[in-house]
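The structure appears below as structure tokens.
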Amino acid sequence: MKYVIIGSGAAGVNAAEIIKKNDSKGEVVIFGDERFFPYNRYQLTDFLCDSIQQEELFYISPEFFKNIGVEFRKGQYVKAINPEKKSIRLFHNEVVYYDRLLIATGGRPWLGPVLLPYKKHIRRYYSLKDICVLKKKLPHIRKCIVFGEGLSSLDLLCGLNKSGKEVTYIVKGVKPEWPLVDPELCEELCQLQKKEGIKIITEDRITTIEKEGKHFRVLTLKQRELTADIVFAWDNYKPKISCIKGTGIEKKTGILVNEHLETSVEGIYAAGDCVEIYHPGLKNYWINYGWPNAIEQGEIAGLNMTGQEKTYQVHETIEFNLMGKSLKARWWK
Ligand SMILES: Cc1cc2nc3c(=O)[nH]c(=O)nc-3n(C[C@H](O)[C@H](O)[C@H](O)COP(=O)(O)OP(=O)(O)OC[C@H]3O[C@@H](n4cnc5c(N)ncnc54)[C@H](O)[C@@H]3O)c2cc1C
């Protein structure tokens, strides 16, 4: 049996290990488009602030895959899947065949139609590559603008503030909101940020970003004119699933899976941030972002790919690591 995994994040790596444990004779190949060995994405801000060294991000050794008999191909982007031929096509057009396939491609910050034209002026904050580039720039940066919601904005704001930067945070709502279980904690964090000197602009959004010499001129819907040395902005986090185009795999925002994490195409499974699964409380599909969820879904998908029938249960909360402090968060209200 040949198992192919697309994506070397928490979900993909965990699935590879579980598959090999349960089918030692099976051939397992994992493709990841990043050039690094798998790392703890949730600790990227700790690395940005020098609280940990780059080596501490890597949770497996370079020999790990060799030792467990898994082929790991890093820096390899999968551009297409052909379910009829049971094959995938890599960026350089190599074709690889599979018996069972796992899609574990995660998500990414997404820019809507207003921000998209300014993509080249906007800095991403998601991968180790993003942070390595940012770390080099950081000593030359004084003023930062952050526009974007979700827990990663909280992480980024804390990181920039801890690095001594002047930060302006723009939010669309009447106040910054994070999907934390404890609403009082949201208020506390908001007050803390103000106390720490983070300037918060509410009920506004970025409409234009122009480069002026080494700086950026940022215009907002409410006619504010701001300047910054760096701009972080996103409208949303969305699953990164362009490789399923033309496959017939059912999707909404993410790949739709059943409780066994199988997609609408037999033999193709999906796990982690790229997945949308039915939430009985909401009576709708929902994306369960988060590290523990990716680990668990990777394990369940891996077991089911080897012939078991494990069921995934939606969790009500996730643990969010805010620079060493653990917070309970929920992606839905
Ligand atoms: C700054 C930051 C802080 C965070 N903090 C927390 C936290 O405290 N707690 C928490 O629970 N979660 C946190 N998260 C979210 C958490 O990291 C993710 O939920 C988790 O990494 C998802 O794992 P995954 O395996 O589904 O996807 P990912 O980790 O995104 O891995 C998917 C991998 O697949 C690769 N890939 C995508 N498409 C292709 C393709 N076509 N071909 C080959 N490779 C491909 C991607 O480049 C990526 O390497 C944080 C995220 C960030 C950015």
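For ligands, and for the atoms within them, numbers begin at 1 and follow the listed sequence.
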Evaluate the ring pair (Phe, Tyr, Trp, His ring centres under 6.0 Å) criterion for residues Phe72 and Phe64: first the C-alpha distance (whole Å), next the side-chain angles of each, then the deciding distance (0.1 Å), finally the verdict. CA-CA 10 Å; Phe72 176 51; Phe64 172 81; 9.5 Å; no
Any donor-acceptor pair under 3.5 Å from Thr263 side chain to Ile268 backbone: yes
Do the side chain of Tyr289 and the main chain of Tyr237 share a donor and acceptor less than 3.5 angstrom apart? yes
For Asp155, take its heavy atoms, then give the atoms of ligand 1 lying under 4.0 Å from any of them. 1 (C), 2 (C), 3 (C)
Charged N to carboxylate O under 4.0 angstrom, Glu225 versus Arg217? yes
N/O of Glu34 under 3.5 Å from N/O of ligand 1, yes or no? yes
Check this for me, if you would: do Arg41 and Asp273 make a salt bridge, where the nitrogen-to-carboxylate-oxygen distance has to be below 4.0 angstrom? no
Tyr77 to ligand 1: N or O pair under 3.5 Å? no
Okay, side chain of Asp229, backbone of Arg142: is any donor-acceptor separation there less than 3.5 Å? yes
Using a 3.5 Å cut-off on N or O atoms only, is Leu44 in polar contact with ligand 1? no
Quick one: look at Lys79 and ligand 1, take heavy-atom pairs under 4.0 Å, and tell me if it's side chain, backbone, both or neither. neither
When you measure from the side chain of Trp178 to the backbone N and O of Glu149, does any donor-acceptor pair fall under 3.5 Å? no
Could you tell me, atom by atom, which parts of ligand 1 come under 4.0 Å of a heavy atom of Ile6? 40 (C), 42 (N), 43 (C)
Backbone or side chain, does any N or O of Gly290 fall under 3.5 Å from an N or O of ligand 1? yes
For Glu250, does its backbone N or O pair with a side-chain atom of Ser264 as donor and acceptor, under 3.5 Å? yes
For ligand 1, the portion of Asn293 having any non-hydrogen atom under 4.0 Å away: neither
Could you tell me which atoms of ligand 1, counted from 1 in the order shown, lie closer than 4.0 angstrom to a heavy atom of Ala11? 25 (O)
Which of the atoms in ligand 1, numbered in the order shown and given with their element, are less than 4.0 Å from a heavy-atom of Tyr125? 1 (C)
If the threshold is 4.0 Å, N to carboxylate O, is there a salt bridge linking Lys175 and Glu187? yes
Within the 4.0 Å heavy-atom shell around Pro292, which atoms of ligand 1 are there? 11 (O)
Quick one: which ligand 1 atoms are inside 4.0 Å of a heavy atom on Tyr42? 3 (C), 4 (C), 5 (N), 6 (C), 7 (C), 8 (O), 13 (C)
With sequence neighbours left out, what residues match Arg205 under salt bridge (charged side-chain N to carboxylate O under 4.0 Å, His left out)? Asp235
Ser152 to ligand 1: N or O pair under 3.5 Å? no
Only heavy atoms of Lys240, strictly under 4.0 Å: list the atoms of ligand 1 that pass. 37 (C), 38 (N), 47 (O)
Kindly identify the option in Asp33, Ile295, Ile88 whose heavy atom sits closest to atom 46 (C) of ligand 1. Asp33
For Gly272, counting its heavy atoms only, list the atoms of ligand 1 lying under 4.0 Å from any of them. 26 (O)
Does Arg108 have a heavy atom less than 4.0 Å from any atom of ligand 1? no
For ligand 1, is any non-hydrogen atom under 4.0 Å from Ala104's backbone (N, CA, C, O), its side chain (CB onward), both, or neither? backbone
Looking at ligand 1, does any of its N/O atoms fall within less than 3.5 Å of an N/O of Asp273? yes
Salt bridge present between Lys222 and Asp204 (N-O < 4.0 angstrom): no
Donor-acceptor under 3.5 Å (Lys135 side chain, Phe47 main chain): yes
